[in-house]
Amino acid sequence: MNRIKFLKKLAPYFILLLALAIRLYRLDLSRYSHDSAIPFSYGIRIVEAIADRNWKDIPLLSLVSGVRVQNPVGASFFWALVAYFDRSPYSGTVISVLLNVLGVAMLYDLGRKLLGARAGVIAAMLMATSIYSIYISRATWIQGQLEFCCVCAAWLIMPALAEHRPRRLLAGFVFTSFAMQTYLAAMAVAVPVTLCTATSCLLSPTLRRAARKPFAIGFAACVVSVLFFAAILLAQGASSVQDFSAVYAQENAPPPPVQRTDRRIDLDAITYALQIAGGVDFDFSKELMGFWVYGPDTLAPNLNRIYVTIVAALAMIGAIRLASSVFRITGRRKYVGTGDGNEHLAASSILIWFFWGIVLSIILVLVLPRLEVRPQYMLLTAPAGYLLAAAAFIPRGLPSSTLEPNRETQLVPARALSYGAVTLCALAALNGIPRVLANYGAIQKNLFVDRLDFLPIGAQVRLARVWRADCIEIANPQLQFWTAASFQTAKNIRFAGAENDAQSDVWIVRNAGGTCTSRISTESAPVLADVIPVQLSPNTLVNVYRSAPINEATLASQLGAPNFRPLHLNLEWTLLAQSVPKTAHAGETISVTQAWRIDSLPADLNLDAVHFTQFVDLKYPNGTSARLLSNGHLTYGRLWRPGDFVLGRLTPTLPADLPPGNYELSLSLFDGKLQKNAVYFDLNERGEPIWDKPMIAITRPLVIL
């Protein structure tokens with residue numbers, strides 16, 4: 001008997017060690033995608049801005065959400081504290097893991113206080129082995145700490161209501177007001193906090209008197225938090241609010257005939273909430289859960305489905321038991337004992353916390369039929385899902401019950417409940433741990449998902465060492481935040497202005513050289529770049545391409561001098577060099593290389609709205625188009641500087657059925673956003689643009705042999 005008691009005391013510590021071990025295991029294989037890196041990279045930017053006293057560079061908002069409203073920046077200020085001591089991606093990820101493990105500890109304590117020690121152990125075990133919880137904890141992405149924030153808020157609020165502790169209640173509201181500044185969806189945490197408190201005050205006259213003042217102050221703090229965020233949005237410009245209005249209008253616009261027009265109840269919210277409690281890895285969505293695309297069913301594929309179904313069923317049983325306790329106790333005219341019926345406050349809080357988000361999601365889908373409910377939104381129901389599943393194993397009423405024991409009905413023997421609890425914990429470990437290990441093993445064999453920014457942390461750190469040693473700046477378009485987190489500085493990272501991936505056709509470099517970009521070894525190399533191979537693993541090679549110093553005197557000799565008078569674009573670009581084949585065969589892939597220099601940029605031009613791309617059009621001698629061979633990626637104007645060089649190469653493939661003869665290649669830059677040709681200026685008449693032709697292009701003869 002003593003041994004059993006000793007093991008019961010060790011169980012919570014074992015669960016915490018297990019949670020920590022699973023989350024820290026092979027941390028170098030944790031995916032660190034662009035979205036995951038944004039908050040931490042913002043934190044690095046904040047630290048550097050404060051150190052340089054560049055207050056205007058301190059961001060006031062974070063990345064744009066799915067409803068086109070920018071997220072609060074509170075999470076980035078938290079990561080700035082971490083980055084102040086260490087900017088390594090490992091540091092941010094470890095802190096995120098520790099917060100999640102702290103949430104497991106809080107969940108055990110919460111379950112122990114509200115439902116008993118056995119329920120606390122079960123709930124903590126469910127969260128410790130939840131694959132989804134493990135996944136969100138191993139990155140610094142903006143929704144990664146949502147589960148911790150919800151667990152911490154519940155840990156403060158629910159016992160405060162059940163135990164009539166006004167100071168703890170106030171602390172819960174204050175924490176919630178700060179948590180609301182970390183993520184747009186976290187604003188909704190204030191809803192269950194307020195609902196639980198208000199309902200408990202209605203059910204308990206004693207609590208109502210004790211909680212009146214902290215409730216008012218705490219609710220005011222949450223309102224101030226919302227108003228503070230709204231003020232920042234308006235101060236930054238009303239575009240975010242207008243974008244949200246546009247999205248709302250689009251949601252309510254008449255859909256095309258091929259889409260559904262009826263408003264139906266979408267049960268995804270219930271499904272996701274129960275599946276999160278069951279630890280599903282959501283492997284059905286590669287786009288959403290790119291981390292788990294490798295071998296999702298490597299071990300016992302049916303076990304996960306059975307386990308999730310069992311946990312969902314237990315959660316519903318627990319919900320029924322708690323609901324019956326609430327109705328049974330509140331239905332009595334007189335409470336037995338000296339207490340105030342506090343057990344029904346705990347039960348009602350758990351039920352409200354779980355079901356409010358589900359009900360809200362269902363209503364939103366009815367109002368906005370095209371709205372998609374994502375699993376991460378249902379993290380708002382944490383930790384209630386875990387607690388409901390644990391509530392199925394309560395032997396008699398709630399532990400804080402002051403009812404007479406003989407009045408309780410024991411439907412299931414306590415020993416059977418104990419055996420069931422042990423079995424459930426064993427199933428949780430058997431379902432979660434092997435699946436996590438199998439996925440990490442698959443990732444180790446192939447570091448890439450489909451993009452360079454899905455490299456694991458370990459590979460990124462090795463790649464960053466080369467960047468810091470050999471590169472003056474990193475030109476990684478669309479990945480500037482991810483690169484900043486790996487490069488550990490935001491100063492030398494710039495948005496180069498083109499999709500710098502396998503299909504990239506341009507990159508913008510400085511005349512002094514030192515601009516770098518990274519690509520998988522099988523992808524095409526940028527124009528005029530030195531290569532630095534980086535072996536990230538036995539099966540993975542990445543090339544770092546670094547631009548050499550550009551000498552305009554030799555540029556034309558390397559690429560080919562254009563045999564016409566240089567033309568100037570309205571952005572004051574000058575075409576310096578061009579390489580175009582004179583002959584080719586049908587079906588052959590040809591290479592067209594161009595080098596432009598940015599001479600000046602008009603101060604009144606919004607470069608965010610300027611989008612140019614190269615194109616190659618094959619034309620018959622009479623000028624009619626035979627085939628558009630290539631339309632390159634867009635080239636944006638962000639962060640260009642006079643003196644930069646735009647180097648581009650297109651590799652179109654000629655039609656295989658093209659008959660021999662004389663043709664022309666029409667080459668130009670094309671505004672892909674405005675769908676019109678770029679405007680050129682003659683060298684001798686720079687003040688007057690050439691408007692007399694609908695399309696101004698450079699033509700080169702091409703003989704098809």
Side-chain angles (χ1 to χ4, degrees), residues 32-64 70-96 99 139-142 144-145 178 181-183 229 232 235-237 452-453 455 457 460-497 500 508-510 512-518 544 546-547 607-608 636 638-641 644:
Y32 202 65
S33 65
H34 179 234
D35 290 342
S36 302
I38 285 180
F40 195 63
S41 63
Y42 267 108
I44 294 175
R45 177 180 169 187
I46 291 171
V47 171
E48 292 180 339
I50 294 176
D52 297 338
R53 298 181 181 274
N54 293 328
W55 312 115
K56 63 179 181 179
D57 290 340
I58 296 179
L60 298 178
L61 294 170
S62 187
L63 74 160
V64 179
Q70 287 186 269
N71 279 280
V73 77
S76 296
F77 277 93
F78 170 78
W79 294 120
L81 295 176
V82 179
Y84 177 78
F85 297 98
D86 191 354
R87 301 182 184 183
S88 170
Y90 278 115
S91 298
T93 306
V94 168
I95 295 297
S96 180
L99 287 176
T140 57
W141 63 341
I142 196 168
Q145 285 68 54
F178 282 105
Q181 296 300 318
T182 63
Y183 180 36
F229 174 64
I232 293 179
Q236 294 295 302
L452 192 63
D453 67 317
L455 278 175
I457 293 180
Q460 287 193 33
V461 170
R462 291 192 291 273
L463 184 61
R465 292 196 191 103
V466 178
W467 282 338
R468 291 194 295 269
D470 299 292
C471 303
I472 297 176
E473 65 181 7
I474 308 297
N476 267 20
Q478 305 291 352
L479 308 180
Q480 67 269 37
F481 297 110
W482 167 71
T483 310
S486 297
F487 201 69
Q488 301 182 27
T489 178
K491 293 182 179 180
N492 299 326
I493 315 300
R494 70 190 186 100
F495 187 79
N500 221 326
I508 300 177
V509 301
R510 311 300 191 194
T515 302
C516 291
T517 187
S518 301
V544 175
R546 178 183 58 192
S547 64
L607 294 178
D608 285 341
Y636 301 91
R638 301 184 183 97
L639 299 184
W640 289 348
R641 294 195 298 239
D644 287 354

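Numbers here simply count residues along the sequence, with the first being 1. Note that the coordinates shown come from a computational prediction; the quantities given were computed from them, not determined experimentally.
For the residue pair N71 and F229, the shortest heavy atom distance occurs at C-CE1, 4.0 Å. Annotation for P59 and Y42: closest pair CG-CD2, 3.3 Å, computed over non-hydrogen atoms. Pairing each heavy atom of P39 with each of W79, the nearest pair is CB-CD1, 3.6 Å. Taking all atoms of both residues into account, the shortest heavy-atom contact from V544 to S518 is CG2-OG, 3.7 Å. V47 and Y84 get closest at one heavy-atom pair: CG2-N, 4.0 Å. Between S96 and Q145 the shortest heavy-atom distance is OG-NE2, 2.7 Å.
Distance alone, capped at 3.5 Å, is enough to place a donor-acceptor pair between the R45 side chain and the D57 backbone.
With a 4.5 Å cut-off on side-chain heavy atoms, D644 and R510 count as touching.
With sequence neighbours left out, T182 forms a side-chain hydrogen bond (donor to acceptor under 3.5 Å, both in side chains) with no residue at all. Partners of T93 according to the side-chain hydrogen bond (donor to acceptor under 3.5 Å, both in side chains) rule, which considers only residues two or more places apart in sequence or in another chain, do not exist here. Partners of E48 according to the side-chain hydrogen bond (donor to acceptor under 3.5 Å, both in side chains) rule, which considers only residues two or more places apart in sequence or in another chain, are R87, T489.
Of the inter-residue distances, the one linking I95 atom CD1 with L81 atom CG reads 10.5 Å to the nearest 0.5 angstrom. Rounding to the nearest 0.5 Å gives a distance of 8.0 Å between CD1 of I142 and CD1 of I38. The CD1 atom of I457 sits 11.5 Å away from atom CZ of R462, with the distance rounded to the nearest 0.5 Å. How far CH2 of W467 is from OG1 of T517: 8.0 Å, rounded to the nearest 0.5 Å. To the nearest 0.5 Å, atom CG of residue L60 and atom OG of residue S76 are 11.0 Å apart. Here S547 contributes atom OG and E473 contributes atom CD; the two are 7.5 Å apart, rounded to the nearest 0.5 Å.
For F77, the CZ atom is densely surrounded, since the number of other residues' heavy atoms within 6.0 Å is greater than 12.
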